[in-house]
K.L.:
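Got a structure for you, questions after.
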Protein chains: 2
Amino acid sequence: MARDRKFSTEDLYHATKQILLEQGYDGFNFGLLAEKLNISRGAIYKYFDNREELIVHFMRHEMKIFLTDLKDVEQFPSFDEKLTFLLELIFKNPAVPRLIEIGQRLPIHENLKMKEDFFKLEDLRLKMYQQLQKFIDLGRQEKKLNPSVPDTLILGFIFQSIMIPNHFEIPQSKWVQSIKEILCHGILNHH
Amino acid sequence: MARDRKFSTEDLYHATKQILLEQGYDGFNFGLLAEKLNISRGAIYKYFDNREELIVHFMRHEMKIFLTDLKDVEQFPSFDEKLTFLLELIFKNPAVPRLIEIGQRLPIHENLKMKEDFFKLEDLRLKMYQQLQKFIDLGRQEKKLNPSVPDTLILGFIFQSIMIPNHFEIPQSKWVQSIKEILCHGILNHH
DNA sequence: GTCTAAAGTAACACAAGTGTCACTTTAGGT
DNA sequence: ACCTAAAGTGACACTTGTGTTACTTTAGAC
């Protein structure tokens, strides 16, 4: 009953991700997005009312995928195995912490529809932190974690570590291994 | 021979710092700056040709102050004392790592004058890293640092730790102490 | 074939920021 | 008193991005 679409929502999200990671939140605009997809800017407005709405929906999409992967952490029984899995997952998805940070920049909207969309995204972020909290709780229970350090700081360190710039281009495997080493035992020599 | 100035360069830098930290690089503009200082936008162009030039000069100003403070690290003989001083210095200047990050976003300019300004800023950043490298070298020499971990990652962890968001508003002293604990000994229980 | 409705386009008015320039203001030297 | 030159102003032309709208295109139902 209508002509074929020139681009799927999936295409849209893919290009959105590229632009957000390359140019940051402020660098993202519909002109760039349309250009990347070889469509006119106006076409995007057929599917999203504005830039914020598109970004919120995109963020939810990304978050859902990450949460599905994150759920597999439950399959590992011990804290150590969970930690290894978690670090690997984060380093397989280096965009996620950056996108979460970018997501924090979304302005709070008056509009009811936008408020709902925003709330759903908040809800996913909450679900993620609950999943991570279970992991921390197990670590506490197994007496594996330093009791003098707050939960949020442990999670903060894990998530922030992905954002340390690797200016000297140290190979990924060595880099991840070293991050794990510091996270677990610190920078001091413990031998 | 001329009328009095309504604002000093120091005033300009102070307002610039506020805006950059509140609104980020993209949120900064001459309109906002002029408003904050109760002057007209045009007046700023009497002292700086454009936004980038102002920001580069501001960054150099900030960096010089930080480098002066950082130089005091030399007064402490041992690695442990230097580390304590360094962490305290960073947590007394939480804006510095954020400003350095913002500084990275400055576009590379064609203009010769801007290129020079930019180079001078790069030079200051280099001086900072050289100062920090001496600190790391001492740590290596004293066999205090984990030898399997690269220098840049150690510095990265130290600088990145200031940017972990303290969402649950854990008191500053407890927060800093915990960061020091993780940096030195990791998240795992080592007792 | 032609009608329909979704898909896509391009031009519009608008908003916000940029850098410039002719102008006004004013402190100090004469 | 008045001239000068730096300090400051406000209007202008320009750029870039926004969201809307009237329009064209096209696949499929009839």
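Just the heavy atoms: all of them, side chains too, but no hydrogens, waters or symmetry mates, feed the values below. In this text the structure is predicted, and so the values were computed from the model without any measurement. Below, chains carry the letters A, B, ... as their sequence lines are ordered, and counting in each starts from 1.
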K.L.:
Go through B/Asp137 and B/Gln141 one step at a time and tell me if the side-chain contact (heavy atoms from CB on, under 4.5 Å) criterion holds.
P.N.:
CA-CA 6 Å; B/Asp137 289 343; B/Gln141 201 186 303; 5.8 Å; no
K.L.:
For DNA chain D, what residues of residues 29-57 of chain A have any heavy atom nearer than 4.0 Å?
P.N.:
A/Asn29, A/Phe30, A/Arg41, A/Tyr45, A/Asn50, A/Arg51
K.L.:
Cation-pi check for B/Phe7 against B/Arg5: NZ or CZ below 6.0 Å from the six-membered ring centre and within 45 degrees of the axis, yes or no?
P.N.:
yes
K.L.:
Specify the residue among B/Phe28 and B/Asp4 whose closest nucleotide of DNA chain C lies further upstream toward the 5′ end.
P.N.:
B/Phe28
K.L.:
Once side chain to side chain contact (heavy atoms under 4.5 Å, CB included) is applied, do any residues pair with A/Glu88, and if so which ones, sequence neighbours excluded?
P.N.:
A/Thr84
K.L.:
For A/Gln18, I'd like to know if atom CD has over 12 heavy atoms of other residues, nucleotides or ligands within 6.0 Å.
P.N.:
yes
K.L.:
Thinking salt bridges, do B/Asp117 and B/Lys113 make one under a 4.0 Å N-O criterion?
P.N.:
no
K.L.:
Other residues, nucleotides and ligands only: do more than 12 of their heavy atoms fall within 6.0 Å of CD on A/Gln133?
P.N.:
yes
K.L.:
Would you call B/Lys6 and B/Asp11 a salt bridge, using N to O less than 4.0 angstrom?
P.N.:
no
K.L.:
With sequence neighbours left out, write down each residue that passes salt bridge (charged side-chain N to carboxylate O under 4.0 Å, His left out) with A/Glu74, or none if nothing qualifies.
P.N.:
A/Lys71, A/Lys134
K.L.:
Regarding A/Arg140 and the six-membered ring of A/Phe79, is the cationic atom NZ or CZ under 6.0 Å from the ring centre and inside 45° of its axis?
P.N.:
no
K.L.:
Identify, with sequence neighbours excluded, every residue that meets side chain to side chain contact (heavy atoms under 4.5 Å, CB included) alongside A/Tyr13.
P.N.:
A/Thr9, A/Phe48, A/Leu54, A/His57, A/Phe58, A/His61
K.L.:
Under 4.0 Å from a heavy atom of chain B: give me the 5'-most and 3'-most nucleotides of DNA chain C that qualify.
P.N.:
C/dG17 to C/dG28
K.L.:
Residues of residues 7-21 of chain B with any non-hydrogen atom less than 4.0 angstrom from an atom of DNA chain C: list those, numerically ordered, please.
P.N.:
none
K.L.:
Can you measure A/Arg3 atom CZ to D/dT26 atom C1' for me and round it to whole angstrom units?
P.N.:
6 Å
